[in-house]
Amino acid sequence: MIPVVTSAMPVTGLCTLGNRCGTSFTYRPVLISPFTAVQYAGASRALPKTHHNGCIGHRGSAVKPLCASPIQQLQQIFSLGSPAKSASKEIQAMIQAGSDDAERFGQLVDVLLDSELPFKESSLGGGEWQVVYTRGALLWQQLTAPGQVKSTGRLSYKSKRKAGQDFSPADRLVFNKGELLGSHVVITASGTYEPQDTATNLPKLVKANISGGQVVAWGKRIPLPISGTGFFSIMYVDDTVRVFSDQKKGTVSVQIRADKLRQLSPQSL
């Protein structure tokens, strides 16, 4: 464990970053490990509710939010690394543990949405990526999973109806699929994608062109005359987790590489 603060005395001060925790706070000793296990207020808790603004705890919980001072926040940054990387690791840990905490998952996704990290298009490759969390439906999900994607945050990595995407950065092709009756009935949609700017940091705006699809039902293939154009933004991507969003509509799709997901949660594939 890498402690961030070891002071035994409570400290009273103002909450930083917009005072989203309130106008004042009482800080108590907080020990944070690289895997976000936290000891505070005399009790140990795994995976606590942690605000993006540096406050531990959340509204409506039995634990009063504890806000880190600017110096303490810097200590956290240097000891834990990028907040987005830490959020990605915690997401993976939650899936490995089989967690159903959609609220906590959503909080971590919000951190990834603000990552603004460097972007390499080649990172979109690696074979199929499976959807594990959604808020609303992006274009390809509207075509391959009609009526299945809810507007509120939903964990889907345990669902029997899988959805995924496979990007080919070399030729900018994309293949999408969604299961309706498990693997017995699958809708696919294929097309191309094209980055819309030359930005080297996230978010990256992308135009998607769906040119056709098919239904695969009990071994039979039926062509679908579907097509459409839409835009989405790549908000975060590493070698395991990526996040896409339609920022205007507030929709979000969190995906994990299928081979990595198989290691984290074999029963999910």
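Bear in mind the structure is a predicted one, so any value in this text is a computation, not a measurement.
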Practice task
Take Thr240 and Leu261 through the test side chain to side chain contact (heavy atoms under 4.5 Å, CB included) and record every step on the way to the result.
Solution key: CA-CA 8 Å; Thr240 303; Leu261 185 59; over 6 Å; no

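- Ser245 places a side-chain N or O within 3.5 Å of a backbone atom of Thr251 that can act as its donor or acceptor partner.
- The shortest non-hydrogen separation linking Pro195 to Glu121 is CG-OE1, 4.1 Å.
- When hydrophobic clusters are built by joining Ile, Leu, Val, Met, Phe, Trp and Tyr residues whose side-chain heavy atoms come closer than 4.5 Å, directly or via intermediates, Phe175 is not grouped with Ile222.
- Inter-residue side-chain proximity for Lys158 and Asp100 is flagged as met; some heavy-atom pair is nearer than 4.5 Å.
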Problem - Steps toward side chain to side chain contact (heavy atoms under 4.5 Å, CB included) verdict (Ser159, Arg154) - result: CA-CA 10 Å; Ser159 173; Arg154 175 180 178 269; 4.0 Å; yes

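- Ionic pairing of Asp110 and Arg135 is present here: one or more N-O contacts between side-chain nitrogen and carboxylate oxygen are shorter than 4.0 angstrom.
- To the nearest 0.5 Å, the span separating OG on Ser156 from CZ on Arg161 amounts to 10.5 Å.
- Put simply, the side chain of Arg172 does not reach to within 4.5 Å of the side chain of Thr192, judged on heavy atoms.
- Nearest approach of Gly125 to Pro169, heavy atoms of both residues: N-CG, 3.7 Å.
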Handout entry: Residues Glu179, Lys160; criterion salt bridge (charged side-chain N to carboxylate O under 4.0 Å, His left out); working and verdict
Key = CA-CA 8 Å; Glu179 297 179 352; Lys160 294 182 179 180; over 6 Å; no

Exercise for the section: Tell me, with the steps shown, if Lys207 and Tyr193 meet side chain to side chain contact (heavy atoms under 4.5 Å, CB included). Expected result: CA-CA 6 Å; Lys207 180 180 179 181; Tyr193 73 92; over 6 Å; no

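- In this structure the side chain of Leu155 never reaches within 4.5 angstrom of the side chain of Val132, judged on heavy atoms.
- Of the options Arg257, Arg262, Gln263, a side chain to side chain donor-acceptor pair (under 3.5 Å) to Asp259 is made by Arg257 and by none of the others.
- Using a 4.0 Å cut-off between charged nitrogen and carboxylate oxygen, Asp166 and Lys177 do not count as a salt-bridge pair.
- One distance of note links CD of Gln130 with CD of Gln255; it measures 9.5 Å at 0.5 Å rounding.
- Within the 4.5 Å cutoff, the side chain of Val109 has heavy atoms near those of the Val252 side chain.
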Donor-acceptor pairs under 3.5 Å, side chain of residues 197-206 to any protein atom, not counting sequence neighbours: which ones?
unit_1	atom_1	unit_2	atom_2	d
Asp197	OD1	Ala199	N	3.1
Asp197	OD1	Lys204	NZ	3.0
Asn201	ND2	Glu116	O	3.1
Lys204	NZ	Asp197	O	2.7
Lys204	NZ	Ala199	O	2.8

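- When each of Tyr133, Trp129, Phe167 is checked for a ring-ring contact (aromatic ring centres under 6.0 Å, His included) with Phe244, only Phe167 meets the rule.
- Between Lys248 and Asp246 there is no salt bridge, since no side-chain nitrogen of the basic residue lies less than 4.0 Å from a carboxylate oxygen of the acidic one.
- The backbone N or O of Met235 sits nowhere less than 3.5 Å from a side-chain atom of Ser233 that would complete a donor-acceptor pair.
- Closest of all the heavy-atom pairs between Phe232 and Ala208 is CE2-CB, 4.0 Å.
- In this structure, Arg242 and Ser253 have side chains that are not in contact, with every pair of non-hydrogen atoms separated by 4.5 Å or more.
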Problem - Check against side chain to side chain contact (heavy atoms under 4.5 Å, CB included), Tyr157 and Val131 - result: CA-CA 7 Å; Tyr157 72 95; Val131 177; over 6 Å; no

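- Note on Leu181: it clusters hydrophobically with Leu224, by side-chain heavy-atom contacts below 4.5 Å among ILVMFWY residues.
- Nearest heavy-atom pair across Thr188 and Ile226 is O-CD1, 4.0 Å.
- In this structure, Leu112 and Val241 have side chains that are in contact, with non-hydrogen atoms separated by less than 4.5 Å.
- Residues Ser211 and Gly191 approach most closely at OG-CA, 3.8 Å, considering heavy atoms.
- Between Val243 and Leu113 the shortest side-chain heavy-atom distance falls below 4.5 Å.
- No donor-acceptor contact under 3.5 angstrom links the side chains of Glu128 and Gln165, judged on distance only.
- Judged purely by atom type and a 3.5 angstrom limit, Ser99 uses its side chain to pair as donor or acceptor with the backbone of Asp101.
- Inspection of the Gln92 and Ser88 side chains reveals an N or O donor paired with an N or O acceptor under 3.5 Å.
- Not a single donor-acceptor pair under 3.5 Å links the side chain of Ser265 to the backbone N or O of Gly98.
- When side chains are defined from C-beta on, Ile187 counts as touching Leu180, because their heavy atoms get closer than 4.5 Å.
- The CD1 atom of Ile234 sits 4.5 Å away from atom CG of Leu124, with the distance rounded to the nearest 0.5 Å.
- Annotation: the span from Ser123 atom OG to Asp238 atom CG amounts to 8.5 Å, rounded to 0.5 Å.
- Here Tyr236 and Phe119 keep their ring centres 6.0 angstrom or further from each other.
- Summarising the geometry of Pro225 relative to Pro223, their closest heavy-atom pair is CD-O, 4.0 Å, with the distance given to 0.1 Å.
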